[in-house]
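Working notes, beginning with the structure itself.
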There are 2 protein chains.
Amino acid sequence: MNLAEQGLLLEQQLCFDVYAASRAINKAYRPLLEALGLTYPQYLVMLVLWQHEAQTVKQLGEQLQLDSGTLSPLLKRLESAGFLQRQRRASDEREVEIQLTEAGRALRQQASNVPASIFQALGLNASDYFELKRLLHQVMASVEANSPD
Amino acid sequence: MNLAEQGLLLEQQLCFDVYAASRAINKAYRPLLEALGLTYPQYLVMLVLWQHEAQTVKQLGEQLQLDSGTLSPLLKRLESAGFLQRQRRASDEREVEIQLTEAGRALRQQASNVPASIFQALGLNASDYFELKRLLHQVMASVEANSPD
DNA sequence: GGCAATTATATTGTGTGCAATTCAATTTGT
DNA sequence: ACAAATTGAATTGCACACAATATAATTGCC
């Protein structure tokens, strides 16, 4: 087997590991978030809103790297679940502002143990945790330099 | 802000980094694979088949950690694209055997430069590459120990 | 041999992701 | 001021993911 062919082996593919790890992590969140009535992407949106309540769709999209094609239906589901409200901003009617409801705010308390549970499930010590974070950031920076948004 | 609340900050979430990196990598593959007529999950299936031509759906699913709900329609699309054929195995009619077509086999040559292109786009030196791989494997092993298949 | 449990795949339903398009509101250039 | 360009969301269309269910074939057990 020559060098080019060796690159085509699944077990050599770092990218597959990232892809598989992402799905495995999602699976670990599922039972925890099900108790809150959230999916993992919905939980990420709530994280952003818990940090700063009023956000436009665009601002959410920038932080989560998701576009309106993903966020619009997701936000509608969160709205019909009663966790937030969407309304056109008066100062610029193109923008839709997302506001937490009381139920959405209250959910934060119920979610407060999720990060620790997940951290434990990851099985990493602090130094590996930060090393993994560093390497992922490096990969994202490189990849996005080649294929910009 | 107390400790529990600090866990709920997006920028502290390693899991978000894995999720975002996975999508960023997918985006990097897209233009390369578009030239071959493949999506990234389809490319992964082809990688497995290039290594070992005859596989059942179950065997593919084990290697890629994907179930029949994902693989069945994906394999049908690869079949109608002319890259493979699906047929019930005579010895056990519950199993569906996947066979590459000549076009599917030929695609391997066209894909041979993909791994090197992607490796370059990742911007990692060899030692970071293997370190990232090690950490991801560790995470997957831990996570799957808690939420088994 | 026959029937219950198991196995392999397919189907259904829900929820992302994302490219491409559409539409309305705003900003810009003159 | 006003037409053209830009912007922010929503919509459409397609392709995953995955839980839950259905179906058909096989295996085990008596």
Side-chain angles (χ1 to χ4, degrees), chain A residues 16 19-31 33-34 37-46 55-62 64-81 83 86-98 144 147-149, chain B residues 16 18-31 33-34 37-46 55-62 64-81 86-98 144 147-149:
Chain A
F16 173 68
Y19 164 75
S22 179
R23 287 183 294 120
I25 288 172
N26 193 302
K27 188 182 284 189
Y29 271 101
R30 195 176 297 267
L33 296 181
E34 206 165 287
L38 295 174
T39 65
Y40 182 59
Q42 290 168 7
Y43 168 72
L44 292 175
V45 168
M46 295 302 288
Q55 303 250 2
T56 64
V57 174
K58 181 181 172 57
Q59 289 170 324
L60 288 172
E62 281 166 357
L64 298 170
Q65 296 292 308
L66 292 170
D67 72 2
S68 68
T70 300
L71 285 176
S72 286
L74 187 156
L75 290 168
K76 282 185 182 176
R77 280 187 284 269
L78 286 175
E79 184 177 39
S80 60
F83 296 135
R86 302 177 309 130
Q87 53 189 348
R88 295 275 163 191
R89 179 170 281 174
S91 64
D92 186 340
E93 296 239 341
R94 290 171 307 181
E95 300 182 348
V96 169
E97 190 158 21
I98 307 302
E144 279 156 17
S147 58
D149 308 329
Chain B
F16 173 68
V18 177
Y19 164 75
S22 179
R23 287 184 293 118
I25 288 172
N26 194 301
K27 188 182 285 189
Y29 272 101
R30 194 175 298 266
L33 296 181
E34 205 164 288
L38 296 175
T39 65
Y40 182 59
Q42 289 169 7
Y43 169 72
L44 292 175
V45 168
M46 295 302 288
Q55 305 249 0
T56 64
V57 175
K58 179 181 172 58
Q59 290 169 322
L60 287 172
E62 281 166 356
L64 298 170
Q65 296 292 307
L66 292 170
D67 72 3
S68 68
T70 300
L71 286 176
S72 286
L74 188 157
L75 290 168
K76 282 184 182 176
R77 280 187 284 271
L78 286 175
E79 184 176 39
S80 60
R86 301 177 311 128
Q87 53 189 348
R88 295 276 163 189
R89 180 170 280 174
S91 63
D92 185 341
E93 294 240 340
R94 292 172 306 179
E95 302 181 348
V96 169
E97 191 158 19
I98 308 300
E144 279 157 17
S147 57
D149 308 328

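All chains are named by letter (A, B, ...) in the order of the sequence lines, taking the proteins before the strands, and each is independently numbered beginning at 1.
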Any residue meeting salt bridge (Lys or Arg N to Asp or Glu O under 4.0 Å) with Glu93(B), in chain and number order, not counting sequence neighbours: none
Positions of residues 21-30 of chain B (non-hydrogen atom under 4.0 Å from DNA chain D), listed by number: none
Residues which pass salt bridge (Lys or Arg N to Asp or Glu O under 4.0 Å) with Arg77(A), listed by chain and number, not counting sequence neighbours: none
Residues forming a side chain to side chain donor-acceptor pair (under 3.5 Å) with Tyr29(A), sequence neighbours excluded: Gln13(B)
Side chains of Lys76(B) and Arg86(B) in contact at under 4.5 Å (non-hydrogen atoms): yes
Heavy-atom check, side chain of Leu75(B) versus side chain of Val96(B), under 4.5 Å: no
Partners passing salt bridge (Lys or Arg N to Asp or Glu O under 4.0 Å) against Glu62(B) (at least two apart in sequence or in another chain): Lys58(B)
5'-most by nearest nucleotide on DNA chain D - Gln59(A) or Leu74(B): Gln59(A)
Pairwise side-chain contact, Leu78(A) with Met46(A), heavy-atom cut-off 4.5 Å (strictly under): yes
Protein-to-nucleotide contact annotation, 5' to 3' order, nucleotides 21-27 of chain C [B base; S sugar-phosphate only; - none; under 4.0 Å, heavy atom]: ----BS-
Spacing of Leu64(A) atom CG and Arg23(B) atom CZ [to the nearest 0.5 Å]: 7.5 Å
Spacing between Phe16(B) atom CZ and dG17(C) atom P, to the nearest angstrom: 11 Å
Which residue lies more 5' along DNA chain D, comparing Tyr19(A) with Lys58(A) via nearest heavy atoms: Lys58(A)
Side-chain N or O of Thr39(A) closer than 4.0 Å to phosphate OP1/OP2 of dT16(C): yes
Heavy-atom contact window of chain B on DNA chain D, given 5' to 3' at under 4.0 Å: dA15(D) to dT26(D)
Partners passing ring pair (Phe, Tyr, Trp, His ring centres under 6.0 Å) against Phe83(A) (at least two apart in sequence or in another chain): none
Atom pair distance, as rounded to whole Å: CG in Leu71(A) and P in dA19(C): 14 Å
pair Val45(A)-Leu38(A): side-chain heavy atoms closer than 4.5 Å: no
Rounded interatomic separation in angstrom, taking CG from Leu66(B) and C1' from dT9(C): 15 Å
Contacts of Glu97(A) that satisfy side chain to side chain donor-acceptor pair (under 3.5 Å) - sequence neighbours left out: Arg89(A)
At a cut-off of 3.5 Å, list every protein nitrogen or oxygen paired with a nitrogen or oxygen from nucleotides 11-13 of chain C, distance to 0.1 Å.
residue	atom	partner	partner atom	Å
dT11(C)	OP2	Lys76(B)	NZ	2.7

Residues forming a side-chain contact (heavy atoms from CB on, under 4.5 Å) with Ser72(B), sequence neighbours excluded: Ser68(B)
Qualifying residues under salt bridge (Lys or Arg N to Asp or Glu O under 4.0 Å), relative to Asp92(B), sequence neighbours excluded: Arg94(B)
